[in-house]
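This one's a predicted model, so the numbers in the text were calculated from it and none came from an experiment. Numbering of ligands and ligand atoms starts at 1, following listing order. For the single chain, residues carry numbers from 1 onward in sequence order.
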Amino acid sequence: MRYSILSVIANAIAGQTLWRPAWRDAEPKPAYDVVIVGGGGHGLATAHYLAKEHGIRNVAVVERGWIGSGNAGRNTTIIRSNYGLPGNIPFYEWSMKLWEGMERELNYNTMVSQRGVLNLYHSDAQRDAYARRGNAMRLHGVDAELLDLDQVRALLPLADFDNARFPIQGGLLQRRGGTARHDGVVWGYARAADQQGVDIIQNAEVTGFLREGGQEGGKITGVETTRGAIRAGKVGLSVAGSSSRVAALASLRLPIESHVLQAFVSEGIKPLVPGVVTFGAGHFYISQSDKGGLVFGGDIDGYNSYAQRGNLPTVEDVCEGGMALMPSIGRLRVLRSWGGVVDMSMDGSPIIDRAPIPGLYLNTGWCYGGFKATPAAGWCFAHLIARDEPHPVAAAYRLDRFATGHLIDEKGVGAQPNLH
Ligand SMILES: Cc1cc2nc3c(=O)[nH]c(=O)nc-3n(C[C@H](O)[C@H](O)[C@H](O)COP(=O)(O)OP(=O)(O)OC[C@H]3O[C@@H](n4cnc5c(N)ncnc54)[C@H](O)[C@@H]3O)c2cc1C
């Protein structure tokens, strides 16, 4: 059923009896043209674009839990394309364009809210860096505005402008940035993929790979799962947070470290923060949900872990950042906090590439920033799997760049994941 005002009226008249499940709970078939491992936003978007853009509909998405149970359901929902390096800007801007058309494309309310992303600067050097980034964005046709102190004050009146340890000097604003509803994105892509014939198989953990000529060396021909073996012409990995472990099942070692990233939500209050705001003198960012809760976070915990929970020193560090920016939020109560495991690459940028093993494709290394990439990652990963060549906007995201030295160090902090 198409969602529309007419379907709402029809259901109102019929006592809400006409609604159907948004996707089927598929049983695994013995074989598919493509198996995507991981039912997060990226895996489901890939399946959707394989069907929609490339006509490949004999596709399964194999998910060990329920769809969206990974980082897709744990992130702070920020979307933006305010990057500064040529390898990144076209990709993230393509993602932003897909966000802008997503609700119409998927016929689903993903609550895309372009309320702006404001990066504050607190020193002359930081202003120059943001000016450079803003200019790079504008040269690529992306919107960017460098704001002075008065303009920031008008946008964010409750920040500390008068007595701050790190006085705000101004900010870089991308008005088209903002937030989207993370569950809605997962459900929207799942429903659209399902309608095109994609099988979404939940509660099926991939535990190994089928390979030509036995386990060592040969082409990947399918996956072993807790619900049986499934053969596949091609296998794509979209298992954020678990990439190293799943790749290890194919004897592949990735340039990835797994780290915990925490997020926090306060009790609901009246509108306080206009869009997404990042504090430039520490690592703190904040937005406000439609229910009124402040949604905020900061640095990764900084040690390797697969636990989906974090530690108190990072909680303290994040809250200190918030207090330095807006002391008034100190009186609020935190309602919830949680952690997710993020795949940190060595330069802070992702990998969308063929694995060195025939039949296997990689979409990984999204660090703490892969939610905003969901539509474009799905689009480009589908392109790579369907055509065996990288999509032009994702051509820089090669696996071998760590060997050849073509790193994409957007932050300019060096090749260490805990610095990014
Ligand atoms: C606290 C936090 C805040 C964040 N905030 C932002 C933000 O504001 N903006 C932003 O752009 N990004 C953000 N991110 C990053 C973003 O959430 C991730 O980069 C993105 O969600 C990763 O892609 P995904 O949605 O496909 O991942 P996931 O949802 O993690 O999907 C991977 C799936 O693979 C499944 N899986 C793993 N192993 C197996 C297996 N063996 N067999 C079958 N299935 C398997 C998992 O169960 C999971 O469902 C944040 C992350 C965290 C943790």
Side-chain angles (χ1 to χ4, degrees), residues 35-47 60-83 92 95-96 99 117 177-180 182-183 185-186 189-190 200-209 223-227 230 235-250 258-265 276 278 285-287 295-301 305-306 308-310 314 318 336-345 350 352 363-378 381:
V35 166
I36 303 294
V37 187
H42 287 217
L44 292 162
T46 304
V61 177
V62 180
E63 164 56 46
R64 74 174 165 198
W66 66 93
I67 58 169
S69 56
N71 289 337
R74 290 170 178 268
N75 64 71
T76 41
T77 76
I78 298 166
I79 61 174
R80 57 185 175 88
S81 58
N82 56 357
Y83 282 71
Y92 285 102
S95 209
M96 187 55 77
W99 283 112
V117 172
T179 57
H182 47 8
D183 300 319
V185 174
V186 170
Y189 274 121
I200 297 168
I201 302 163
Q202 303 182 75
N203 299 311
E205 178 168 358
V206 168
T207 52
F209 290 94
V223 289
E224 304 268 15
T225 82
T226 46
R227 294 179 66 181
I230 304 174
V235 175
L237 299 189
S238 268
V239 285
S242 304
S243 298
S244 311
R245 288 200 284 188
V246 178
L249 299 172
S258 301
H259 285 256
V260 181
L261 178 65
Q262 300 190 59
F264 308 83
V265 174
V276 178
T278 72
Y285 62 92
I286 188 165
S287 66
V295 181
F296 55 97
D299 261 328
I300 56 175
D301 271 37
S305 174
Y306 292 117
Q308 288 182 318
R309 61 178 183 274
T314 306
V318 169
R336 291 188 301 281
S337 72
W338 62 91
V341 181
V342 290
D343 274 347
M344 299 299 294
S345 68
I352 303 180
N363 168 39
T364 181
W366 289 99
C367 303
Y368 40 71
F371 177 67
K372 69 178 85 69
T374 304
F381 200 36

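Which parts of ligand 1 touch Val37 is read off a 4.0 Å heavy-atom cut-off, strictly below it: atoms 42 (N), 43 (C). Near Lys372, with a cut-off below 4.0 Å to any heavy atom, the atoms of ligand 1 are 10 (C), 11 (O). Near Val246, meaning under 4.0 Å from one of its heavy atoms, ligand 1 places the atoms 38 (N), 41 (N). Taking every heavy atom of Gly41 and a limit of under 4.0 angstrom, the matching atoms of ligand 1 come to 24 (P), 25 (O), 26 (O). Near Ala204, meaning under 4.0 Å from one of its heavy atoms, ligand 1 places the atoms 43 (C). Atoms of ligand 1 found under 4.0 Å from any heavy atom of Ala240, numbered from 1 in the order shown, are 22 (C), 23 (O), 27 (O), 30 (O), 32 (C).
Considering only residues two or more places apart in sequence or on other chains, Phe296 meets the ring pair (Phe, Tyr, Trp, His ring centres under 6.0 Å) condition with Phe264, Phe284. Partners of Tyr285 by side-chain hydrogen bond (donor to acceptor under 3.5 Å, both in side chains), not counting sequence neighbours, listed by chain and number: Thr76.
When only non-hydrogen protein atoms are considered, atom 9 (N) of ligand 1 lies nearest to Ile78 O, 3.1 Å. Among all protein heavy atoms, the one lying closest to atom 34 (O) of ligand 1 is Gly38 CA, 3.3 Å.
Distances from ligand 1 to the non-hydrogen atoms of Ser238 include at least one value under 4.0 Å. Put simply, no part of Gly339 is less than 4.0 Å from ligand 1, judged by heavy atoms.
Here the OG1-CZ distance, from Thr207 to Arg64, works out to 12.5 Å after rounding to the nearest 0.5 Å.
At a heavy-atom distance under 4.0 Å, only backbone atoms of Val62 (N, CA, C or O) approach ligand 1. Neither the backbone nor the side chain of Ala377 comes within contact range of ligand 1; no heavy atom lies under 4.0 Å. Contacts of Tyr368 with ligand 1, taken as heavy-atom pairs under 4.0 Å, involve the backbone alone. By the criterion of a heavy-atom distance under 4.0 Å, neither the backbone nor the side chain of Ala373 is placed next to ligand 1.
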